[in-house]
Amino acid sequence: MTDRNDYLNRIRTIEEFLYEEASYLDRPDLDKWIELYTEDGTYWMPATEDQEDPVNHISLFYDDRVMMEIRRRNFVHPRAASKDYTVRCSHIISNVRIEEESDGGLIVTSNFQCVMYYHDKQTLYAGRYRHELVDIDGQYKIRHKRVDLINCDGVHGSIIIYV
Amino acid sequence: MSYNESTLDGLVTPTKIHRSVYTDPEIFDLEMERVWGKAWIFIGHESQVPEPGDYTTLNLGKVPVVMVRDKEHKVHVLHNRCGHKGAKLVDKRCGRIGGFRCCYHGWTYRLDGKLLGVPNIKGYEGTGFDKDDPQYSMQKLARYDSHRGFVFATLDADAPNLRTWLGGAGDVLDNLCDRSPEGEVEVAGGILRYEHDCNWKMFIENLNDTMHPMIVHRSVVDAANEYIKTLPEDSPHRDEAEIIPPFGASYENFEATGITGFRYGHHYDGGKSSIHADYSVDPDYETAMIASYGKERTREILTFNTHNTLYYPSLTIKSAIQNIRIVRPVAVDKCVIETWSFRLKGAPDSLLQRTILYSRLINSNGSMVGPDDHTAYFRMQEGLRSQASDWVEMHRNYGTDKDLGDRWTNTGTSDLDMRSQYGAWRHYMLGEAS
């Protein structure tokens with residue numbers, strides 16, 4: 001029973017971390033969001049189901065810290081026409097599971113739904129997250145986040161911010 | 001209103017375009033019939049259907065078609081419609097089949113479209129129905145042909161042949177293929193599909209509009225340059241640093257690259273130079289190219305440096321980057337733009353990887369470039385509802401296009417591209433010489 005309680009407590013801690021990340025995208029606040037990533041952290045949104053490779057196959061997003069830093073600056077640039085509109089999101093995360101565990105590292109999968117309000121339109125994004133988390137001094141950081149939209153290979157409009 | 005030759009004629013002058021050309025659903029329907037129904041339209045690449053039975057589907061304008069390779073390895077472009085009640089015979093984006101079989105009453109067809117089997121055929125005896133009458137087979141498009149593996153088709157039996165139609169603009173398609181040490185390319189690395197809330201022409205009119213990058217893309221160029229400045233000098237090379245900043249190139253820079261237009265609405269900017277000209281070259285690639293072509297020819301191939309090339313109205317290519325974008329009109333105020341990447345056969349993996357990186361950085365729905373272009377398009381689409389003026393203007397450098405016989409040239413910031421496109425528009429819509 002203790003093992004079970006330990007597991008549930010850990011899931012709860014991980015959930016809180018995922019909620020924190022989501023809250024920085026809900027607002028959105030990319031300055032704070034980036035801080036959750038390791039220096040070698042990456043964010044990947046594949047453009048096809050079960051995509052294995054972000055380098056030899058096209059993706060909707062594949063950013064490392066350098067691209068995140070550029071995007072963070074672009075997002076608030078006064079002359080970025082596509083960023084002239086309010087962006088508000090509501091992320092719901094559920095079905096959180098620990099897929100793999102090793103020394104100092106965790107792979108966590110979850111389901112998500114994100115409603116994004118942008119340019120007078122609400123768009124629903126849904127799918128599965130896969131977070132590679134590392135424990136740095138008792139704090140989780142994201143080494144890799146993979147976002148598999150259920151309609152990854154469908155027709156999309158502009159996806160104006162990370163999901 | 002219903003348009004006739006005289007009202008259509010008044011919509012486009014050498015220096016302006018009536019707003020209804022972008023906003024009236026009736027014009028859109030006429031364009032689907034006359035422009036998309038007469039021009040050669042890009043269908044796909046032969047590498048997508050390497051084996052007999054391989055197919056891809058698409059809409060040519062509004063018409064559902066299928067590209068398929070038959071048992072003799074010949075590629076056909078057929079109407080995707082059962083000869084019986086009209087159901088689409090295949091409805092996936094691509095796949096492999098032994099033959100066509102309708103999901104409704106099970107009529108079957110050979111890979112070249114010939115009707116093979118009609119279940120319980122005895123009910124047709126003595127009715128005048130003849131299974132071997134070609135009208136019940138899948139219909140071939142009026143004409144289809146390929147150039148260096150690029151398959152085009154037209155619904156117009158009287159269209160000029162494909163090579164004539166491509167004209168001098170075909171040099172860029174050749175250059176894309178010549179950049180392979182084996183002289184061949186293949187589709188690779190997946191497809192992006194980007195819905196645009198605008199008329200399809202706004203997208204193609206932006207391709208060689210070199211007055212917009214320094215305005216529209218300033219934000220991403222600033223963001224990139226600002227961040228790059230904070231990096232230590234000995235930071236590792238990043239292809240991003242070669243790809244993003246040229247979008248902020250100066251007017252003088254774009255003027256110097258020049259623009260070249262051709263019959264049937266095709267055009268490209270660049271030639272001797274373009275925003276892709278300063279990319280570093282993988283030494284292994286250069287070695288492979290020189291081994292195939294020799295030094296002189298390799299230099300010729302790699303210094304023919306165009307930016308965007310339009311094959312009006314459906315295909316736009318970047319030979320120096322090896323990606324293409326395909327225009328799929330949906331409604332008067334909606335189109336889908338697809339981005340495809342190509343592998344240069346015999347080239348190191350780094351080339352495809354750069355193509356993929358470029359498509360992701362510049363053309364992806366999640367990029368910092370495409371969405372700013374898209375914003376300009378949908379603002380035009382909305383702004384043109386205003387009756388403040390009925391006209392969109394295209395005066396830049398009017399009257400100074402240089403006529404070189406088979407092509408026209410002008411400074412890179414001119415509206416020569418617009419004039420070239422609307423020459424073709426008038427050709428298809430009004431039957432004028434192109």
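We name chains A, B, ... by the order of the sequence lines, and we start the count at 1 in each one. Just so you know, these numbers come straight off a predicted model, no measurement behind them.
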Check this for me: A/Arg128, atom CZ, are more than 12 non-hydrogen atoms of other residues, nucleotides or ligands nearer than 6.0 Å?
no
(Q) Do B/Asp372 and A/His77 have side chains that approach each other closer than 4.5 Å (heavy atoms only, starting at C-beta)? (A) no
Ranked by heavy-atom pairs below 4.5 Å to chain A, first place among B/Gly366, B/Gly190, B/Ala376, B/Ala223 goes to B/Gly366
* Asked: More than 12 foreign heavy atoms under 6.0 Å from CZ of A/Arg97: is that the case here?
  -> no
So, the part of B/Leu361 with a heavy atom under 4.5 Å from chain A: the answer is side chain
task: Ignoring hydrogens and angles, tell me if any N or O in the side chain of B/Arg193 forms a donor-acceptor pair with the backbone of A/Asp153 under 3.5 Å.
output: yes
Rounding to 0.5 Å, atoms CD1 (B/Ile244) and CE (A/Met67) come to a distance of 4.5 Å
**Asked** Should we say atom CD of A/Glu49 is surrounded by more than 12 heavy atoms from elsewhere, each under 6.0 Å from it?
**Response** no
Counting heavy-atom pairs under 4.5 angstrom with chain A, the leader among B/Leu352, B/Val336, B/Leu192 is B/Leu192
If one checks every heavy atom of A/Asp63 against chain B at 4.5 Å, the contacting part turns out to be neither
Query - From CA spacing to verdict: side-chain contact (heavy atoms from CB on, under 4.5 Å), B/Asn365, A/Met45 - result: CA-CA 11 Å; B/Asn365 318 56; A/Met45 186 189 284; over 6 Å; no
All heavy atoms of B/Ser364 vs all of A/Ser59, minimum pair found to be OG-O, 4.0 Å
Output for pair (A/Ile58 CD1, B/Thr339 OG1), nearest 0.5 Å, gives 7.5 Å
Practice task
Carefully, step by step, assess B/Asp197 and A/His119 under the rule side-chain contact (heavy atoms from CB on, under 4.5 Å).
Solution key: CA-CA 12 Å; B/Asp197 298 318; A/His119 189 231; 5.6 Å; no
If one checks every heavy atom of A/Tyr85 against chain B at 4.5 Å, the contacting part turns out to be side chain
Surrounding CG of A/Asp29 (heavy atoms of other residues, nucleotides or ligands, distance under 6.0 Å), is the total greater than 12? yes
All heavy atoms of B/Met368 vs all of A/Arg71, minimum pair found to be SD-CA, 3.5 Å
Looking only at B/Arg343, B/Arg238, B/Glu240, most heavy-atom pairs under 4.5 Å shared with chain A are made by B/Arg238
Separation between CD1 (B/Ile228) and CD1 (A/Ile70), nearest 0.5 Å, reads 5.5 Å
When the 4.5 angstrom heavy-atom criterion is applied to B/Ser219 and chain A, the contacting part is both
Rounding to 0.5 Å, atoms CZ (B/Arg218) and CZ (A/Arg79) come to a distance of 5.0 Å
Okay, A/Val163 and chain B: the region with an atom under 4.5 Å from a heavy atom over there is neither
Max heavy-atom pairs within cutoff under 4.5 Å with chain B, candidates A/Ile160, A/Asp53, A/Val155, goes to A/Val155
- Would you find more than 12 non-hydrogen atoms of other residues, nucleotides or ligands less than 6.0 Å from A/Glu35 atom CD? yes
Note: A/Ser158 and B/His374 closest approach over all heavy atoms is OG-ND1, 3.2 Å
Note: vs chain B, highest number of non-hydrogen pairs under 4.5 angstrom among A/Pro78, A/Gly154, A/Pro54 is A/Gly154
When the 4.5 angstrom heavy-atom criterion is applied to B/Ser341 and chain A, the contacting part is neither
Ranking B/Glu195, B/Gln353, B/Arg379, B/Arg360 by heavy-atom pairs under 4.5 Å to chain A gives rank one to B/Arg360
